[in-house]
Student: 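The structure's right below; bear with me while I get my questions together.
What you see is a predicted model, and the numbers here were worked out from it, not measured in a lab. Computation of the quantities below employed the complete heavy-atom set of this structure, encompassing side-chain atoms and omitting hydrogens, waters and symmetry-equivalent molecules.
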Amino acid sequence: MYRIAKKRVLNPAVTLMEIEAPLVARKALPGQFIIFRIDEEGERIPLTIAGYDRERGTVTIIFQKVGYTTEKLDTLSEGDYLMDFVGPLGEPSHTEGVKRAAVIGGGLGVAIAYPQAKALHEAGCQVDLIVGFRNEELIILEDELTAACTELTVMTDDGSNGNRGFVTQALAAKLAAGEQYDEVIAIGPLPMMRAVCDLTKPYGVKTIVSMNPIMIDGTGMCGGCRVTVGGETKFACVDGPDFDGHLIDWDEAIARSRMFRPEEARAKEKLHKCRRDAMIENAAKGGA
Amino acid sequence: MPNMSLQKNPMPEQEPAVRATNFGEVALGYTAEMAVNEADRCLNCKHMPCVSGCPVNVPIPSFIAKIREGDFQAAYDIIRTSNGLPAICGRVCPQESQCESKCVRGIKGEPVGIGRLERFAADWAMNEGNVSAETAPKNGKRAAVVGSGPAGLTCAADLARAGWDVTVYEALHTPGGVLMYGIPEFRLPKKLVQREIDNIRKLGVEIITNAVVGRALTVDELLNDEKYDAVFVGSGAGLPNFQRIPGESLCGVYSANEFLTRINLMKAYTFPQADTPVKVGSRVAVIGGGNVAMDAARCARRLGAEVSIVYRRSEAEMPARAEEVHHAREEGVNFLMLTNPTAIRGDEHGFVSAMTCVKMELGEPDAKGRRRPVQVEGSEFDLPVETVIVAIGNSPNPLIKKTTPDLPTEKWGGITTDDMGRTGKLHVYAGGDAVTGAATVILAMGAGKKAARAILEDHA
């Protein structure tokens, strides 16, 4: 069992948790991920490692309530336990030799872009960090992000923070202005990563993306996480999750991410029914 | 005078039409009366040919003699001297090509039902008898076992019995390896696997789940930092193979590993009670002709689909056990023999809509003596399906190889060992699918057993 040492609500949809998992914390590196399972009936869900503290033996995860399991995870509190927490999985990001980088994070991807930016910045790399949110209220980790880069650009879709537009627009402006990056790292929803790759391709800038496909074991057994990269089948859990974004078959990756969408809706119904039942039960108890 | 019936006592089974709709065990097991009657068919041959056919050398005539006498506890105790997982072997061993293939009674008629008797004794002991947890006094030696599948569990049990402290590192959240994620409930009930694992824990073996050797820990750390005297690697088969035909990444194409893991380990057949879903659609094609293909086909059948096994050779070449093929057929699985898939077609949303196949005919025998299938010109046709399950084997998992650079491996990635499971790295032993590539539970157990013997000899 793995104790939730800390829980911090970052915005109405995004939560940070620190989990006590010494075996994972001692080896974790930026770019790697974990798989957790809440309880006996739970599914195995991969999440990118957002941070770690080797001395305290904790691993930080940041998640968005997008599906059944992440919604359920969000109902847990500090001091509660997760049944399973395994990692670190996947290959760490390769950051050696990168002197000038743009790190792009969209939505929840910001949480994962943060440790990457931080690692590069600490290694002496000049980092432009560009992050995007729907509106000002959803902006997370602003202090941490500021400290993890040379220059931070925060975009909002609605312009409520005074910087209207998508992350791609901010990156496009920098590239057009002649910024020379050794590497662009894009982390976020598939369409956003694809848009970044489309943008950098004409400039010939190496662009690394972090894939988070459906998977079960995460150790190279199930093959569910396959991604076509440069015409070859790769497994995100053992070959990735970082890949050269210019070589990814995006149509396929996006289609595969939708494979269980109807089932996801059914599972969510179950959660909402559970909540309704609990409310009815509480109301009944209160009445008695 | 022994029972001279030419046939085995038939195994009571769930009716095909009933079992094709549930995940309950197909074979129900002998009653005590049937077991004694079957045991009576054994001639108790002095030269014991059956024992030589067993990868772990169970003293077969001795345990059968005890069943005949009605001393089921003694029968079980005898099996356990050489087999740590008898309830499992009695169910999933290919006895027809091992012990039973050597049985003298098989020359005229059917051999003695050795597997069925082993299963009977194990089930009886677990339900009504005692499972001994005797070990030699602790000798201060410590071993780490990587992987809790049949190879690892067998090695761990033998070392623990010899007085070693044994810790097993398991990557998944549940111990058992392929016994839990691969072989379906209706062939090997998971409660029973749990009980066999509990029996091994009673020997003092510690099992740490969620521990990935090759990521969280390395083999060198186990030796140098954790100070284990020996490490046994039984990490199993790894990455699933695909055919490299167009369309294999469409939604609805699963490796057999993924499909079976969703169903067996994650209990997706109870979705939405269990949180993990599985999608089968109404028509399923399973590519391959081995036991894993049969397991996948029979699972899909139980989830309500029309299922076809698609195999490029003829039935005679199918590597699956005859019993599995027979069971699958009884349950209504179709067999498309001499048929080879060439592409998987998708709809506009990226979901499988059909599989294009060609008919094959058998040509000249290959190096292994199996006749090579050759394509029949102009025989292309489309099989309408929503799901394709690829069951054509696995390649070794790269994690341990990658993080243990001085561990010699074969060209294809398997770990190189001698006959006793010694690798080219001092104090490191290996066995099971990680060494041989995909094989059987009992061969993995045999390898775990040999490696335990080598570890004991080398560290005496």
Student: How long is the span from the CZ atom in A:Arg258 to the CZ atom in B:Phe351, to the nearest 0.5 Å?
Tutor: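 Taking CZ in A:Arg258 and CZ in B:Phe351, the distance rounds to 9.5 Å.
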
Student: Please state whether the side chain, the backbone, both or neither of A:Arg256 comes within less than 4.5 Å of a heavy atom of chain B.
Tutor: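 Both the backbone and the side chain of A:Arg256 come within 4.5 Å of chain B.
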
Student: Would you check if B:Leu250 and A:Glu252 make a side-chain contact, meaning some heavy-atom pair closer than 4.5 Å?
Tutor: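 A side-chain contact is absent here, since even the closest heavy-atom pair is not under 4.5 Å.
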
Student: Is A:Glu40 salt-bridged to B:Lys267, cutoff N-O under 4.0 Å?
Tutor: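 Here A:Glu40 does not pair with B:Lys267 in a salt bridge, since their nearest N and O are not under 4.0 Å apart.
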
Student: Show your working on side-chain contact (heavy atoms from CB on, under 4.5 Å) between A:Val86 and B:Glu170 and close with a plain yes or no.
Tutor: CA-CA 10 Å; A:Val86 59; B:Glu170 168 56 47; over 6 Å; no

Student: Contact part of A:Ile214 toward chain B, heavy-atom cut-off under 4.5 Å: side chain, backbone, both or neither?
Tutor: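 The answer is the side chain of A:Ile214.
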
Student: A:Val238 versus chain B, heavy atoms under 4.5 Å apart: side chain, backbone, both or neither?
Tutor: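 When you check distances to chain B, atoms from both the backbone and side chain of A:Val238 fall under 4.5 Å.
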
Student: Sort A:Thr219 into side chain, backbone, both or neither according to what part of it lies under 4.5 angstrom from a heavy atom of chain B.
Tutor: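 Both backbone and side chain of A:Thr219 come within 4.5 Å of chain B.
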
Student: Among B:Val390, B:Asn394, B:Val253, B:Leu260, single out the residue with the greatest number of heavy-atom pairs under 4.5 Å to chain A.
Tutor: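 Between B:Val390, B:Asn394, B:Val253, B:Leu260, the count favours B:Val253.
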
Student: Report the distance from atom CZ of A:Arg226 to atom CZ of B:Phe242, rounding to the nearest 0.5 Å.
Tutor: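 Answer for the CZ-CZ pair, A:Arg226 versus B:Phe242, is 3.5 Å.
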
Student: If you define the side chain from C-beta out and look only at heavy atoms, does anything of B:Gln273 sit under 4.5 Å from A:Glu41?
Tutor: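 Yes. Closest side-chain heavy atoms under 4.5 Å.
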
Student: Please classify the contact of A:Tyr2 with chain B as side chain, backbone, both or neither, using a heavy-atom distance under 4.5 Å.
Tutor: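 Side chain of A:Tyr2 only, per the 4.5 Å heavy-atom cut-off to chain B.
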
Student: Side chain, backbone, both or neither: which part of B:Ala211 has a heavy atom under 4.5 Å from chain A?
Tutor: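 Both parts, backbone and side chain.
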
Student: Find out whether B:Asp275 and A:Lys72 are in side-chain contact, i.e. whether some heavy atom of one side chain is under 4.5 Å from a heavy atom of the other.
Tutor: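 Touching, per the 4.5 Å side-chain cut-off.
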
Student: Taking B:Lys279 for its side chain and A:Phe260 for its backbone only, find out whether a donor-acceptor pair lies under 3.5 Å.
Tutor: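 No; judged by distance alone, with no hydrogens or angles, the pair does not exist.
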
Student: Who wins among B:Gly214, B:Ser249, B:Gly350 for the most heavy-atom pairs under 4.5 Å with chain A?
Tutor: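 When all of B:Gly214, B:Ser249, B:Gly350 are compared, B:Ser249 has the most.
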
Student: Looking at A:Pro262, A:Ala255, A:Gly220, which has the largest count of heavy-atom pairs under 4.5 Å with chain B?
Tutor: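 Top count of heavy-atom pairs under 4.5 Å with chain B: A:Gly220.
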
Student: Heavy atoms, side chains only, cut-off 4.5 Å: are B:Met266 and A:Ile216 in contact?
Tutor: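 When only atoms from C-beta onward are counted, A:Ile216 and B:Met266 do touch, with a gap below 4.5 Å.
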
Student: Just give me the residue among A:Ala21, A:Cys237, A:Gly90, A:Ala253 that pairs up with chain B most often, heavy atom to heavy atom, under 4.5 Å.
Tutor: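 So the answer, after comparing A:Ala21, A:Cys237, A:Gly90, A:Ala253, is A:Gly90.
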
Student: Tell me, for B:Leu399 versus chain A, whether the close heavy atoms (under 4.5 Å) come from the side chain, the backbone, both or neither.
Tutor: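 For B:Leu399, side-chain heavy atoms alone lie under 4.5 Å from chain A.
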
Student: Measure the SG-CG distance between A:Cys222 and B:Leu265 for me, rounded to the nearest 0.5 Å.
Tutor: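 If I round to the nearest 0.5 Å, the distance is 10.5 Å.
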
Student: Do A:Asp217 and B:Tyr181 make a side-chain contact, defined as non-hydrogen atoms from C-beta onward lying under 4.5 Å apart?
Tutor: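 Counting from C-beta outward, A:Asp217 and B:Tyr181 never come under 4.5 Å.
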
Student: For A:Glu91 and B:Arg215: C-alpha separation, side-chain torsions, deciding distance, then whether salt bridge (Lys or Arg N to Asp or Glu O under 4.0 Å) applies.
Tutor: CA-CA 9 Å; A:Glu91 292 292 301; B:Arg215 294 276 189 215; 2.8 Å; yes

Student: Would you say B:Val212 and A:Lys27 make side-chain contact, with heavy atoms under 4.5 Å?
Tutor: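 The answer is no; the side chains never approach within 4.5 Å.
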
Student: By the definition side-chain contact (heavy atoms from CB on, under 4.5 Å), identify the one residue from A:Met259, A:Glu43, A:Glu264 that meets it with B:Pro277.
Tutor: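 Result: among A:Met259, A:Glu43, A:Glu264, A:Glu43 is the only option passing the side-chain contact (heavy atoms from CB on, under 4.5 Å) with B:Pro277.
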
Student: Using heavy-atom distances under 4.5 Å, tell me whether B:Val278 contacts chain A through its side chain, its backbone, both, or neither.
Tutor: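 Backbone only.
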
Student: Atom CG in B:Asn210, atom CD1 in A:Ile35: separation rounded to 0.5 Å?
Tutor: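 Reported value, rounded in 0.5 Å steps: 9.5 Å.
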
Student: What part of B:Glu348 gets closer than 4.5 Å to chain A, counting heavy atoms only: side chain, backbone, both or neither?
Tutor: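 No part of B:Glu348 comes within 4.5 Å of chain A.
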
Student: Determine yes or no for a side-chain-to-main-chain donor-acceptor pair under 3.5 angstrom, with A:Arg26 supplying the side chain and B:Ala216 the backbone.
Tutor: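 Between the backbone of B:Ala216 and the side chain of A:Arg26 there is a qualifying donor-acceptor contact (under 3.5 Å).
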
Student: For the backbone of A:Met221 and the side chain of B:Asn257, can you confirm whether one donor and one acceptor N or O come within less than 3.5 Å of each other?
Tutor: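 Answer holds: yes.
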
Student: Counting heavy-atom pairs closer than 4.5 Å to chain A, which one of B:Arg262, B:His349, B:Lys402 comes out on top?
Tutor: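 Heavy-atom pairs under 4.5 Å are most numerous for B:Arg262.
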
Student: How far does OG1 of B:Thr276 sit from CD1 of A:Ile45, to the nearest 0.5 angstrom?
Tutor: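 Going from OG1 on B:Thr276 over to CD1 on A:Ile45, the span is 7.5 Å.
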
Student: Taking C-beta and beyond as the side chain, do B:Glu258 and A:Met215 meet within less than 4.5 Å on heavy atoms?
Tutor: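 No, side chains not in contact.
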
